[in-house]
Amino acid sequence: MLRLYHLLLGSILLVLIPLGAKFFLPQFSPPKVVKPPAVAKLPNPNEGNIWQKILGNAAAPTNWQVAACKGNTPLLCVSSKEELLGTVEINVYPLANNEDFQKKLIAAGIPAGSQVDYQSSKYQTQVLSALKAWVEDNYAAFAKDRQDKYGKQITFLAYPPQPVPVGKLQGIRYGFAGLKQKGGVQEQHISHVAFDGTKLYVITTAFDPGTQTGKFEKLENLAIFQPYLYAIAADLRLP
């Protein structure tokens with residue numbers, strides 16, 4: 001019965017997303033074109049999938065399973081009855097290799113080499129300011145890419161960034177949707193970003209035919225899993 005409820009909920013969301021987004025989500029019109037900064041990801045020391053270390057409470061709908069995918073690829077597998085429904089990807093970017101985010105921290109009032117102070121409300125506010133600037137650049141890059149790719153066929157709508165806990169870190173939840181002019185959802189992305197003083201954590205998943213990893217094949221399954229993803233992000237073993 002609960003499974004039927006989830007399917008009905010997913011179907012309703014599938015219909016309402018393109019309608020509700022037009023009323024509640026501001027359309028993002030970037031004032032400038034920003035290319036995503038080229039940064040090096042944290043090298044994998046062949047110690048396995050990072051999700052094995054950081055996954056806390058693996059919240060999931062009834063009869064769904066959530067676990068680190070096999071191998072070293074940083075993916076979280078979401079499945080039901082041995083069928084893979086989707087994955088969530090995490091990328092880790094060392095601050096030492098990320099000049100762009102270093103500049104955003106300095107602009108927010110956190111000089112290079114500053115001591116991390118998770119208890120300081122001032123520090124938390126400064127980190128949030130840097131993360132919001134990072135998200136704005138991310139939105140601008142996606143908007144430009146989608147404009148070049150789809151033109152006027154797809155409307156790009158950015159979700160308002162929301163401060164949320166990512167484990168014990170202060171983070172931001174963000175995302176966007178691409179809506180078809182004739183109705184329906186071309187793509188939807190849900191992401192979290194957090195900073196622990198030395199590394200930037202970016203957690204992503206989507207419904208997007210053009211994405212290879214960190215994606216769900218069906219929009220309704222992403223919609224069903226969305227609140228559980230929020231709970232998982234809040235309970236991660238970070239830092």
statement: Tyr201 meets the ring-ring contact (aromatic ring centres under 6.0 Å, His included) criterion, sequence neighbours left out, with none

- request: Could you pull out all residues at least two apart from Lys132 that satisfy side-chain hydrogen bond (donor to acceptor under 3.5 Å, both in side chains)?
  value: none

- line: Hits for side chain to side chain contact (heavy atoms under 4.5 Å, CB included) against Gln186, two or more places apart or cross-chain, chain-then-number order -> Tyr150, Ile154, Lys180, Pro209

Counterpart residues, salt bridge (Lys or Arg N to Asp or Glu O under 4.0 Å), relative to Lys168 (two or more places apart): none

Exercise: identify the closest heavy-atom pair between Pro161 and Val135: CG-CG1, 4.0 Å

message: Strictly distance-based, threshold 3.5 Å: is any side-chain N or O of Trp51 a donor or acceptor partner for the main-chain N or O of Pro74?
response: yes

- prompt: Any salt bridge between Asp196 and Arg237, counting N to O under 4.0 Å?
  reply: no

field: side chain to side chain contact (heavy atoms under 4.5 Å, CB included) between Leu229 and Thr205, intermediate numbers included
entry: CA-CA 9 Å; Leu229 173 62; Thr205 193; 3.7 Å; yes

statement: Taken to the nearest 0.5 Å, the spacing of Glu220 CD from Leu85 CG works out to 10.0 Å

query: Is it the case that more than 12 heavy atoms not belonging to Lys149 sit under 6.0 Å from its NZ atom?
result: yes

Single-linkage hydrophobic cluster Tyr139~Ile172, side-chain heavy atoms < 4.5 angstrom: yes

field: Side-chain heavy atoms of Pro111 within contact of Ile106, under 4.5 Å
entry: no

- request: May I ask whether Leu219 and Ile224 are part of the same hydrophobic cluster, defined by side-chain heavy atoms of I, L, V, M, F, W, Y residues being less than 4.5 angstrom apart, directly or through others?
  value: yes

statement: When rounded to the nearest 0.5 Å, the distance separating SG of Cys77 from CD of Gln65 is 11.5 Å

task: Quick one: list whatever passes side chain to side chain contact (heavy atoms under 4.5 Å, CB included) with Gln153, sequence neighbours left out.
output: none

- request: Start with the C-alpha distance between Arg146 and Glu187, add both sets of side-chain angles, then the distance that settles salt bridge (Lys or Arg N to Asp or Glu O under 4.0 Å), and finish with yes or no.
  value: CA-CA 11 Å; Arg146 291 334 189 244; Glu187 59 182 315; 2.8 Å; yes

task: Decide yes or no for Ile190 and Tyr230: does some side-chain heavy atom of the first lie under 4.5 Å from some side-chain heavy atom of the second?
output: yes

query: Linking I/L/V/M/F/W/Y whenever their side-chain heavy atoms sit closer than 4.5 Å, directly or via other members, would Leu236 and Val116 fall into one cluster?
result: yes

- request: Taking side-chain hydrogen bond (donor to acceptor under 3.5 Å, both in side chains) as the test, write out the residues that go with Asp235, two or more places apart.
  value: none

field: Beyond-backbone contact of Gln188 with Leu222, side-chain heavy atoms, under 4.5 angstrom
entry: yes

- request: Kindly determine whether Ile232 and Val66 satisfy side chain to side chain contact (heavy atoms under 4.5 Å, CB included), including the steps that lead there.
  value: CA-CA 10 Å; Ile232 289 171; Val66 175; 4.0 Å; yes

message: Ring centroids only, cut at 6.0 angstrom: are Phe176 and Tyr159 within range, meaning strictly under it?
response: no

- prompt: Under a 4.5 Å side-chain heavy-atom rule over Ile, Leu, Val, Met, Phe, Trp and Tyr, are Leu200 and Tyr118 clustered together?
  reply: yes

- prompt: Would a hydrophobic clustering, with Ile, Leu, Val, Met, Phe, Trp and Tyr connected at side-chain separations under 4.5 Å, put Leu238 with Trp134?
  reply: yes

- prompt: With side chains defined as the heavy atoms from C-beta onward, is the minimum distance between Val78 and Thr87 less than 4.5 Å?
  reply: no

query: Looking at CZ of Phe156 and CG of Asp145, how far apart are the two atoms once the value is rounded to the nearest 0.5 Å?
result: 9.5 Å

- prompt: When you look at Phe225 and Trp64, which way does the side chain to side chain contact (heavy atoms under 4.5 Å, CB included) test go after all the steps?
  reply: CA-CA 9 Å; Phe225 186 65; Trp64 288 31; 3.9 Å; yes

message: Under the rule for side chain to side chain contact (heavy atoms under 4.5 Å, CB included), what residues qualify as partners of Ala233, not counting sequence neighbours?
response: His192

task: Keeping to residues at least two apart or across chains, list the side-chain hydrogen bond (donor to acceptor under 3.5 Å, both in side chains) pairs with something in residues 119-128.
output: none

message: Applying ring-ring contact (aromatic ring centres under 6.0 Å, His included), can you list everything that pairs with Phe195, at least two apart in sequence or on another chain?
response: Phe101

task: Report the hydrophobic cluster partners of Leu84, with the cluster defined as I, L, V, M, F, W, Y residues connected by side-chain heavy atoms closer than 4.5 angstrom, directly or transitively.
output: none

query: Looking at Gln52 and Ala68, what are the two nearest heavy atoms and their distance?
result: CG-CB, 3.6 Å

- prompt: Looking at Val166 and Ala194, what are the two nearest heavy atoms and their distance?
  reply: CB-CB, 3.8 Å

Point-to-point distance, once rounded to the nearest 0.5 Å, from CD1 of Ile110 to OG of Ser129: 8.5 Å

field: Taking every non-hydrogen atom, the tightest pair across Ala231 and Ala59
entry: CB-CB, 4.2 Å

query: Is Leu157 close to Leu179 at the side-chain level, that is, under 4.5 Å between some pair of heavy atoms?
result: yes

- line: For Gly48 and Asn72 the tightest heavy-atom approach is CA-OD1, 3.0 Å

query: Would you say the side chain of Ile203 lies within less than 4.5 Å of the side chain of Val88, judging by non-hydrogen atoms?
result: yes

task: Could you tell me which residues satisfy side-chain hydrogen bond (donor to acceptor under 3.5 Å, both in side chains) with Gln170, sequence neighbours excluded, listed by chain and number?
output: none

task: Using side chain to side chain contact (heavy atoms under 4.5 Å, CB included) as the criterion, point out the one residue from Leu169, Leu131, Asn91 that pairs with Val193.
output: Leu131

task: Hey, could you give me the NE2/NZ distance between His189 and Lys215, rounded to the nearest 0.5 Å?
output: 9.5 Å

- request: Identify the heavy atoms of Val92 and Lys199 that sit nearest to each other, and give their distance.
  value: CG1-CD, 3.6 Å

query: Any donor-acceptor pair under 3.5 Å linking the side chain of Asn221 with the backbone of Gly86?
result: no

field: With Gln162 via side-chain hydrogen bond (donor to acceptor under 3.5 Å, both in side chains) - residues at least two apart
entry: Arg173

message: Between Leu76 and Ile90, is there a side-chain heavy-atom distance shorter than 4.5 Å?
response: no

- request: Report yes or no: do Thr155 and Gln181 form a side-chain donor-acceptor pair below 3.5 Å?
  value: yes

